[in-house]
Number of protein chains: 2
Amino acid sequence: MPLSALTSSDPEPLAEALRPLLLRVSRRLRQEAQKAGVSALDALILGQIKRAPGVGVCDLADAEKLSRPTMSSHVKRLEAAGWVARADHVDDGRRSGLRVTPAGEARLEEIRKLRNDWLSVRLARLSPDGRDQLAQAALPLLQLLSLDA
Amino acid sequence: MPLSALTSSDPEPLAEALRPLLLRVSRRLRQEAQKAGVSALDALILGQIKRAPGVGVCDLADAEKLSRPTMSSHVKRLEAAGWVARADHVDDGRRSGLRVTPAGEARLEEIRKLRNDWLSVRLARLSPDGRDQLAQAALPLLQLLSLDA
DNA sequence: TCTTATAGTTAGGTCGTCTAACTATCTTTA
DNA sequence: TAAAGATAGTTAGACGACCTAACTATAAGA
């Protein structure tokens, strides 16, 4: 199945072709992020909290489709690093209202700079057409995720 | 930065937009594969060996950009499961020539069926345009990977 | 008030990855 | 041709990101 033969009509071969590509690309992404000393996940979670201050651990877990304990431990780590703070809810003693601290904002910026990275560099080496095709793919990728149960 | 504003001219915002999408999609991919009882990696490695019979552990590691010990342990697992066999090279006692056993072929088929999965189902729910845009993105994704040092 | 639901944590396990250090074999070169 | 270096692969031990099961604490409803 050459890539050029992929058509919009048949999802199966498209899935077979995309699966390994997506897995490999994201593996490289993680590897390079780790090499640069940044956790891709930290940026993701900090970004989420920044976008929705006061959000709770379970909200985040649901949004990212991660288990509650998993998210709990990530938040705990971010909190320990001083990048996230939690305030008890006024009217609900169970909830933690999360927000990004100034240090967290700084870290977010730092991450964005540090990972001036594998992906950007390789995107830059791509043809304009290639970049354009990837840009076009962003929306359907997002839809794929929001189509989630 | 709305997705619609992405242009081919500037790699940076494109990288910022694609990074979280790629990470999230591949996480879901792994999660669902695991739920279905298949390792996405097994399929990847079995496929590589099938495509290049006689290949060695280090070749595979280099091809997938994984460390040698990592690949070594995966191959050992596949061998233990009876899906891969190794023959000593005639002229080089260090190398293992790997090949996929009939059981391995069967497993590969089984994996393809078992994971009639998250990705296919969601691709099917996408608009034809969306699928087409993803199909268009396959080639640049591949180029991204081969652009690797 | 008793029960049930929700927010979050603790404990413990799995998987995929890494580096450091090793063995065994092959190749080169003094 | 013996010593030195390169290459194929493994072992040992660690880490990060994920999971489920079981728990605590608070809230809401019968």
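Between the CZ atom of B:R77 and the C1' atom of C:dT17 there is a distance of 12 Å, given to the nearest Å. For the pair A:L98 CG and C:dA7 C1', the interatomic distance rounds to 11 Å; values are reported in whole Å. Between the CG atom of B:L78 and the P atom of D:dT10 there is a distance of 12 Å, rounded to whole Å. The nearest whole Å value for the distance from the CG atom in B:D92 to the C1' atom in D:dG9 is 11 Å. Rounded to a whole Å, the CZ atom of A:R95 is 15 Å from the P atom of D:dT26. Atom CE in A:M71 sits roughly 14 Å away from atom C1' in C:dA7 (whole-Å rounding). The interatomic distance linking A:D91 (CG) with D:dA27 (P) rounds to 8 Å, in whole Å. For the pair B:L29 CG and D:dC18 C1', the computed distance is 15 Å after rounding to whole Å.
Contact annotation: B:H74 reaches the phosphate of C:dT17 (side-chain N/O to OP1 or OP2, under 4.0 Å). Dashed line: the shortest gap from a side-chain N or O of A:T70 to OP1 or OP2 of D:dC19 is under 4.0 Å. The side chain of A:Q31 places an N or O atom within less than 4.0 Å of a non-bridging phosphate oxygen (OP1 or OP2) of C:dC18. Dashed line: the shortest gap from a side-chain N or O of A:S72 to OP1 or OP2 of C:dG8 is not under 4.0 Å. Distances shorter than 4.0 Å separate none of the side-chain N or O atoms of A:K76 from OP1 or OP2 on C:dG8. Neither OP1 nor OP2 of C:dT17 sits under 4.0 Å from any side-chain N or O of B:S67. Residue A:R30 places no side-chain N or O under 4.0 Å from the OP1 or OP2 atom of C:dT17. Phosphate proximity of D:dA17 to A:S39: present, with a side-chain N or O under 4.0 Å from OP1 or OP2.
Comment: B:R107 engages B:E110 in a salt bridge, judged by a side-chain N to carboxylate O separation of less than 4.0 angstrom. In this structure, B:E32 pairs ionically with B:K35, as a charged nitrogen and a carboxylate oxygen lie closer than 4.0 Å.
In terms of position along DNA chain D, the nucleotide closest to B:G56 lies nearer the 5' end than the nucleotide closest to the other residue of the pair B:G56 and A:G93. Each of B:R68 and A:D59 has a nearest nucleotide on DNA chain C; the 5'-most of these lies closest to A:D59.
Without hydrogens or angle criteria, A:R131 side chain to A:L126 main chain gives a donor-acceptor distance under 3.5 Å.
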>> Set out, in order, the CA-CA distance, both residues' side-chain angles and the distance that settles side-chain contact (heavy atoms from CB on, under 4.5 Å) for A:R112 and B:E16, then state yes or no.
In response: CA-CA 8 Å; A:R112 294 218 163 96; B:E16 289 293 327; 3.4 Å; yes

>> Could you walk me through whether A:L119 and B:R19 satisfy the side-chain contact (heavy atoms from CB on, under 4.5 Å) test, starting with their C-alpha distance in whole Å, then the side-chain angles of each, then the deciding distance to 0.1 Å, before giving a yes or no?
In response: CA-CA 8 Å; A:L119 185 56; B:R19 203 171 358 237; 4.2 Å; yes

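Looking at heavy-atom distances under 4.0 Å, A:S96 makes contact with sugar-phosphate atoms alone, never a base. Within the nucleic acid shown, B:D42 has no heavy atom closer than 4.0 Å to any nucleic acid atom.
No more than 12 heavy atoms of other residues, nucleotides or ligands shown are found within 6.0 angstrom of CD on B:Q34.
Distance from the side chain of A:R86 is smallest for C:dT9 among the nucleotides D:dA17, D:dA27, C:dT9. If you check D:dG16, D:dT10, D:dA21 against the side chain of A:P69, the one that comes closest is D:dA21.
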